[in-house]
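To start, the structure under review is shown below, and the notes come after it.
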Number of protein chains: 2
Amino acid sequence: MLARRETITLRRLVAGTGVSTMAVYTYFDGMDGLRGAVRQEGFSRLATRLNGLPATDDPISDLAAAGAAYAASARENPELYVLMFDGSLPLPDDQAAGATLQCLIEIVQRAMNSERVDPGLDAVVFANELWMLGHGACMLFTTGVLSFDQVEPMVTSGLVRLYGAAGDDPDSARRSLDYGWVRGLGEGG
Amino acid sequence: MLARRETITLRRLVAGTGVSTMAVYTYFDGMDGLRGAVRQEGFSRLATRLNGLPATDDPISDLAAAGAAYAASARENPELYVLMFDGSLPLPDDQAAGATLQCLIEIVQRAMNSERVDPGLDAVVFANELWMLGHGACMLFTTGVLSFDQVEPMVTSGLVRLYGAAGDDPDSARRSLDYGWVRGLGEGG
DNA sequence: TGCCATTTCATAACGTTGATATAGAATAGT
DNA sequence: ACTATTCTATATCAACGTTATGAAATGGCA
């Protein structure tokens, strides 16, 4: 129903399944519980996809690949992305949400170790900066404010700028992003 | 009702006003029309607030002030900000939405003219990068993923990094942001 | 196996939502 | 002053999420 851009309604959900509305209450504690479970599944799949990316010897490219995979997930299922982040549900105290950011932090730290970026950087802060830019970009196209094709060149330009400001050589940053981006966009997970 | 974090419902809206539910249909064409009008008002007030900021001789500081005013608007009325950008309504073909971005573009252009940033910059792209970062940050705290106090130091750090990568001296960028930020946060409009 | 406690789930109903049909009141135009 | 149009209060509708209730299924234990 998310993929078909239908509004998720309890009655249409159970229609045709032979099961009754009560099942949603025994298994998910109502519609909010069900939506929460869907969102948790979204976080879980995103974390799996990010963790499935290989660690190459070019950490900046790995950073770009993670960003591309993140954006691809949002693009393949925009409604799910909005559901995960629109604040319509209480946040899960589950690890999955923080795990995606943790994944980013670790790649940033690898970039610092490889001296592609300033070792004096605060990895948590910088990872959050990258995430904020990426999240803003994803929100803009998942909510229909801009199209993906409008957003993509601008968010990649912003990422390259941030990599460069973190100490990487600007040309290297652009090359690493170009390579990592296609890696991250490849085959959805 | 937005400020009280109540869900906006037609019947509770007209309750106590002495007017009937039909008035919403004659004046706003239903609930979606009313929500659309509220959102348009949100864009309009935001544009007014941004345009009301003075243009100083420090365009980077002006850029920071615009960002701070933008964030302050989102903070003072988080539900309105979410309503404006959560994609739950068809986008207005009205100018107000684009006007806020246009305001940003003009300040970026002033910064380019003052040679604080690289004159070869694409003002539209760079303004969008700033907007994406700011929008992502605002979304994170308006939806409750992070608190404003968590977001603020990281988004300002990201903005300074972008200003620096655009050609400004990093220390000057930080100073201009510190000054502009308090200007933009001052007295809500 | 036999029995009881618990869980599961279909049916039916309840309260609330946004939207509409209709008819009477207000308004505007000539 | 009369007509035509617009407005709006009342009543109603379909659909929503949720809850009550009782029957069926399940599980644990002697």
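Predicted model only: the values in this text are computed from it and were never measured. Throughout, a chain's letter reflects where its sequence line sits, starting with A, and its residues are numbered from 1.
The ring of Tyr81(A) has its center no closer than 6.0 angstrom to the ring center of Phe141(A).
Taking the six-membered ring where tryptophan is involved, the planes of Tyr70(A) and Phe85(A) are tilted, since the angle between them lies from 30° to 60°.
Considering only side-chain N and O atoms, Ser20(B) lies nowhere under 4.0 angstrom from the phosphate OP1 or OP2 of dT8(D).
A salt bridge links Glu76(A) with Arg49(A); the closest basic N to acidic carboxylate O contact falls under 4.0 Å. The pair Arg175(B)-Asp171(B) does not meet the salt-bridge criterion, since no charged nitrogen lies less than 4.0 angstrom from a carboxylate oxygen.
Atoms OH (Tyr27(A)) and P (dT8(C)) sit 6 Å apart, rounded to a whole Å.
Note on Val19(A): only backbone sugar-phosphate atoms sit closer than 4.0 angstrom, heavy atoms only; bases stay farther off.
Between the Arg12(B) side chain and the Leu10(B) main chain, no donor and acceptor come within less than 3.5 Å of each other.
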Between protein and nucleotides 14-28 of chain D, map the contacts as a letter string: B base, S sugar-phosphate only, - none, heavy atoms under 4.0 Å, written 5' to 3'. --BBBBB--------
